[in-house]
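Protein chains get the first letters and strands the later ones, always in sequence-line order, with residue 1 at the start of each.
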Amino acid sequence: MEYKTIVCDVLVVGAGGAGCRAAIEAAKHNVDVVMISKELVGKAHTSMAEGGYNVAIGNVDPDDNPDVHFRDTVVGGNYLNNQELVEILVHDAPERIYDLEEMGAVFDRTPEGKIAQRPFGKQSYRRTAYASDRTGSEIMVTLVEAIRRTSVRVFDEVFATKLLVHDGRIAGVTAIDMRHGDYLVFRAKSVVMATGGAGRIFKVTSNAQLDVGDGYAMAYEAGCELIDMEMVQFHPTGMVKPESAKGRLVTEAVRGEGGILLNNRGERFMSRYYPQVMELAGRDQVARSIMTEVLEGRGTPDGGVYLSIAHLPRSVIEFRLESMIEQFEDAGVDIREEPMQVSPTAHHFMGGIRIDTNAQSTIPGLFAAGECTGGVHGGNRLGGNALADTQVFGALAGKNAALFALEHDLPGFDRSEVQSEFERLQAMLERKEGISPADAREELTTLMWEKVQIFRNEEDLQYAVRELRRIEREVVPKIKVDVPIRRFNPGWHQAIEFGHMVITARMVTEAALMRKGSRGAHYRTDADPNDDGNYNIVIRKGEDGEMELQKVPLVITRMNPP
Amino acid sequence: MARTFKAKVLRYNPDIDDAPHFQEFDVEYEPGMTVLDALLYIQDKYDSSLAFRWECRGGQCGSCAVRVNTIARLACRAKVDPDQDLVLEPLEKMPVIKDLVVDMSRTQARLTRVRPYVARDKPAPRPEIIHQQDIEIVRELRKCIECSACLSNCPVVRETWDYAGPMIIRQLARLEMDPRDVEDRISMALDEAVYMCTTCKMCEDSCPKHIKIPSLAVELLRAKAVEAGYPLVEGQQGFIDSINRTGRSVPEKDTPLLKSLESEEFLVENPRGRVAFFTGCLIDYRMQDTGRSLIEVLNRNGIDVIVPKEQWCCASPAFRTGDLETAHDAARRVTEIFERVMEEYDLDTVVVACAGCGKTLREDHRPFIESERGEPPKFKVYDLAEYLIDVLGKDNIVPPKGEVNLRVTYHEPCHLGRGQGVVEQPIELLQMIPGVEYIDDPYKNRCCGAGGGVRAGQREISMKIAARKRGYIEATGADMVATECPFCTIQIRDILKGTDIATRYLPDLLAESYRKGDAED
Ligand SMILES: Cc1cc2nc3c(=O)[nH]c(=O)nc-3n(C[C@H](O)[C@H](O)[C@H](O)COP(=O)(O)OP(=O)(O)OC[C@H]3O[C@@H](n4cnc5c(N)ncnc54)[C@H](O)[C@@H]3O)c2cc1C
Ligand code: SF4
Ligand code: SF4
Ligand code: FES
């Protein structure tokens with residue numbers, strides 16, 4: 001199989017908030033940086049983030065500070081967070097938002113001209129910085145402007161399929177050029193993974209097309225350790241209608257600005273579940289409350305509940321929630337007048353590649369940042385902490401990847417490994433008989449949505465694990481592509497992704513099965529009261545090729561679980 | 001049975017196909033379906049190799065722009081109309097990689113060349129104090145998601161990459177308005193040919209974020225250029241000087257309408273309404289007959305018409321090219337004149353027949369006067385067709401009787417359709433004329449190339465845009481093209497020279513039918 005090779009010092013896989021930030025930071029160290037992404041640069045999932053960026057700078061509530069941010073994050077994460085990472089998050093978040101401003105970001109202001117901050121769920125103070133309800137877009141646009149100014153070589157629409165490890169060190173990735181179909185090898189001294197989440201393994205999700213879990217699966221296959229994979233956040237408010245918009249996010253800012261949740265009897269039902277905090281309870285709590293209402297017959301005819309802001313001043317809605325107006329306009333609803341219908345949607349992966357305080361994974365030279373990592377958010381992520389995560393750990397990973405590259409030579413690589421990877425990809429194209437990616441994806445995402453969602457139990461999880469192993473054995477090797485061409489062929493891309501989705505789904509499900517109690521976003525209806533839950537689950541691919549799971553002690557710096 | 005519609009998708013794989021070709025698919029319709037849903041349906045059901053881009057399915061990432069029935073839109077936000085075939089093509093002007101996926105590298109390179117980021121001359125203070133009021137416009141212009149729909153739709157970019165196009169001009173305005181940026185964005189904008197824009201508003205219309213690029217970027221940068229002392233080109237400066245001297249943008253030739261009218265008052269018995277007529281420069285100085293036609297049409301419909309003898313140019317040329325001093329002076333005068341007429345004649349409505357004047361009175365004078373004195377002009381402004389159909393009411397219009405046995409198509413002036421939201425009314429009027437076979441031109445709302453000072457200042461590009469417009473008009477097979485703007489009338493008449501297609505101003509055509517009807521009675 002013919003291929004082309006691109007050599008660089010630092011390779012960044014992913015061009016979302018974390019990837020761009022890593023590339024910008026690495027480039028400051030006079031190293032040759034290449035950044036690749038599956039989509040056109042600037043279009044990553046980060047551009048969809050709406051609500052904001054958590055940063056304890058106390059512009060609105062002067063009593064706020066990084067210590068309180070630390071506490072909120074760890075409490076919100078149900079004490080499962082790696083507290084060393086949380087220390088870094090809360091400490092560096094302010095500098096990183098100023099970096100963004102320096103690059104040209106335009107956040108909304110307080111009357112004194114400082115960065116304005118809004119309240120978000122489970123936070124002691126108003127801490128979430130924002131640019132209307134298009135904060136992620138603002139950050140993405142800013143980072144792309146900044147990337148255009150650097151010497152970073154951008155290869156967009158390039159799909160990494162496998163990590164190359166040589167002599168125990170990361171050596172690069174194999175990839176395809178999505179546009180023209182060429183096989184590519186990227187060789188690098190160090191690699192930053194910034195591949196985002198995997199909401200798309202669930203049928204109903206708020207995530208972008210790209211979030212299928214490539215990064216998790218590639219890291220797993222390469223022998224990297226992953227952590228907390230059972231922790232998937234279901235955002236309480238996804239769109240219900242129309243069908244095609246199902247799962248699209250209704251930002252938490254709607255509740256932050258004062259939106260209220262009502263059931264079909266017009267009751268503000270959160271008062272039954274969390275009367276103190278009401279709609280601003282944790283995401284998992286609100287999601288479960290909504291699901292309970294729906295399951296007990298108090299939902300809307302379309303299977304959701306109502307979210308209303310009609311009591312707010314129009315000016316507030318128009319100024320702070322402009323994207324929401326537009327989003328619901330498309331669905332034929334004027335949110336200034338009518339309530340929205342919402343129900344939970346798969347939203348965020350707290351788990352992922354296990355990193356240390358240098359943002360390095362368990363493979364030397366392989367760094368990681370953003371949603372593809374695990375540990376920062378523990379059992380549950382606070383709204384607004386993910387964008388901060390991308391900037392803080394993106395910069396850290398970029399810096400350390402550059403330093404690593406400066407200290408090391410380019411590793412060799414295994415040509416036969418590369419060959420067999422490309423042969424595998426080519427075989428998918430040429431297979432005549434088999435299963436289409438669309439059918440396979442439908443089966444997988446339905447299984448995950450039905451059996452591994454908000455309310456979990458032993459029986460469902462056992463069933464899901466069995467099914468996933470079967471899919472891995474029987475479906476993955478039979479995936480075929482309709483038309484055997486390499487030039488921009490989405491069927492082929494989906495076929496490659498499917499293998500990654502299945503591995504990711506298995507990690508989620510196997511870990512969920514191992515954790516017998518309820519904790520954070522992982523809620524079991526048959527929770528074992530004897531499971532104190534004070535551990536993290538680490539996953540790796542064993543010597544024998546089987547998935548190994550192991551409970552490890554929590555990493556604690558200052559707050560012990562109650 | 002499920003309802004289905006046809007989707008025709010332009011397919012192309014340069015590795016295999018000689019040329020792009022349409023492929024048809026039957027798609028099952030679902031309420032609320034978007035174009036992206038239709039594409040995904042085709043991909044899942046028929047052909048997973050169908051290439052198109054998407055990510056967020058919610059108008060947030062800017063990946064999915066394609067041409068939907070000729071106009072570039074975000075696939076994830078454009079709704080499917082099941083009663084119509086859906087025609088999907090890749091963005092204009094961008095080389096095709098495969099099917100609907102185009103090569104953006106030229107746009108990227110083009111963008112990069114304007115140093116599209118906040119350039120600073122010293123490190124930013126931390127924290128940095130920036131006041132909300134200083135970033136209001138930046139905030140608007142920042143909404144861009146770089147989907148490139150506007151580039152694909154821009155009539156100027158269509159003809160030449162000498163013009164950077166709306167998305168990039170917007171970026172320059174965004175940087176110019178950013179208090180932190182230290183580069184000279186004005187000279188960059190001039191270098192990127194900001195004066196080529198016809199202000200046709202196609203970009204604004206198709207922008208998923210509704211960014212008002214013509215006013216917030218193009219005209220703003222032009223105004224800044226004038227303020228910075230850059231001279232206008234000769235053709236444009238001539239108009240401005242003339243406005244300031246005479247209140248009219250063009251020199252007098254034949255006796256002007258206002259001078260030739262015997263009276264200010266054209267009253268009828270038992271009037272159903274009363275309006276003042278704002279003539280604008282061209283109707284007054286060059287198209288006197290059209291002015292008379294308008295008065296006649298309104299009178300025949302029982303409307304009193306007041307034509308103030310003293311009028312002043314709306315100063316559209318000044319607004320469009322950035323001479324705000326002239327522009328604002330004119331806005332004040334026009335407001336004063338017509339508010340006086342309102343008082344004197346007890347009316348509250350001003351009718352115009354010039355798309356450019358109407359747009360300027362509504363979109364430029366109104367907000368300016370409001371910001372200056374806290375209250376907008378007291379009178380309402382209507383285009384003639386809009387007044388007849390919406391205010392008088394279609395059923396109340398005295399039907400024109402004289403037959404005009406022609407195949408007639410319509411050119412929608414940019415500043416009427418997108419500028420004032422008047423789209424269907426002129427066509428409805430046309431269709432009321434007996435004998436007229438109305439032929440719809442799918443490209444009727446494309447710019448003729450006259451606006452924005454481009455005919456006066458940038459004749460070469462203006463003519464290129466016009467030539468393409470001629471192609472659209474010719475393709476309809478019509479004998480006549482009707483329109484509702486003097487500039488468009490002049491421009492289109494110009495380009496149709498040498499063809500058998502006539503160009504008519506709508507009030508004239510209406511009046512003609514009325515008169516013929518009288519003769520036949
Ligand atoms: C709708 C929505 C709203 C949100 N709102 C907020 C909010 O208000 N505040 C907040 O803090 N968080 C929010 N989040 C979460 C936050 O947006 C994400 O966690 C964050 O943007 C992830 O950024 P990232 O850089 O890690 O990954 P992404 O932005 O997902 O980028 C991943 C990158 O990796 C690339 N990639 C993946 N696989 C491959 C491969 N195989 N080969 C090459 N490249 C690859 C992709 O192409 C992409 O460039 C929201 C999430 C959603 C879904
Ligand atoms: S107004 Fe018309 S000519 Fe000007 S940038 Fe927009 S589309 Fe192009
Ligand atoms: S200005 Fe509007 S249409 Fe143009 S690229 Fe930006 S978002 Fe798209
Ligand atoms: S898919 Fe993101 S804008 Fe349409």
State, without any angle test, whether [X] and [Y] hold a side-chain donor-acceptor pair at a distance under 3.5 Å.
X        : Y        : answer
B:Ser48  : A:Asp482 : yes
A:Thr142 : B:Arg142 : yes
A:Gln209 : A:Glu39  : no
A:His235 : A:Ser206 : no

For the pair [X] and [Y], find out whether any cationic side-chain nitrogen is under 4.0 Å from an anionic carboxylate oxygen.
X        : Y        : value
B:Asp178 : B:Arg180 : yes
B:Lys6   : B:Asp26  : yes
B:Arg126 : A:Asp99  : yes
A:Lys43  : A:Asp156 : no
B:Arg115 : B:Glu183 : yes
A:Lys203 : A:Glu442 : yes
B:Lys45  : B:Glu28  : no

Relative to chain B, which segment of [X] carries a heavy atom at a distance below 4.5 Å: side chain, backbone, both, or neither?
X        : value
A:Arg486 : neither
A:Arg134 : side chain
A:Glu112 : backbone
A:Ser436 : neither
A:Thr110 : neither
A:Ala245 : backbone
A:Met103 : backbone
A:Glu95  : both
A:Leu40  : side chain
A:Pro94  : neither

For each of [options], tally heavy-atom pairs with chain B at distances under 4.5 Å, and name the one with the top tally.
options                               : result
A:Gln494, A:Glu101, A:Arg149          : A:Arg149
A:Ala105, A:Ala131, A:Ala44           : A:Ala105
A:His493, A:Met239, A:Glu157          : A:Glu157
A:His45, A:Lys241, A:Arg200, A:Gln327 : A:Arg200
A:Lys114, A:Glu322, A:Lys38           : A:Glu322

When only pairs under 4.5 Å are counted, which of [options] shares the most heavy-atom pairs with chain A?
options                                : value
B:Ile130, B:Asp99, B:Asp47, B:Val118   : B:Ile130
B:Cys144, B:Pro125, B:Ser49            : B:Ser49
B:Gln43, B:Arg53, B:Glu128, B:Glu146   : B:Arg53
B:Lys209, B:Glu30, B:Arg57, B:Gln132   : B:Arg57
B:His210, B:Lys143, B:Gln133, B:Met104 : B:Lys143
B:Met33, B:Lys79, B:Arg174             : B:Arg174

*Using a cut-off of 6.0 Å, state whether more than 12 heavy atoms not belonging to B:Asp121 lie near its atom CG.*
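Yes, enclosed.
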Check each atom of [X] against the heavy atoms of chain A and say whether the ones under 4.5 Å are side chain, backbone, both or neither.
X        : answer
B:Pro31  : backbone
B:Leu36  : neither
B:Tyr46  : backbone
B:Leu175 : neither
B:Gln171 : side chain

*Please report the C-alpha distance between A:Phe159 and A:Asp177 in whole Å, then the side-chain angles of each, then the deciding distance to 0.1 Å, and finally whether the side chain to side chain contact (heavy atoms under 4.5 Å, CB included) criterion is met.*
CA-CA 6 Å; A:Phe159 185 163; A:Asp177 167 15; over 6 Å; no
*Counting only N and O atoms by type, is there a donor-acceptor contact under 3.5 Å from the side chain of A:Asn489 to the main-chain atoms of A:Ile485?*
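Side chain of A:Asn489 to backbone of A:Ile485: a pair is present.
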*Of all heavy-atom pairs between A:Ile115 and A:Ala129, which one has the smallest distance, and what is that distance?*
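Shortest heavy-atom contact: CG2-CB, 3.5 Å.
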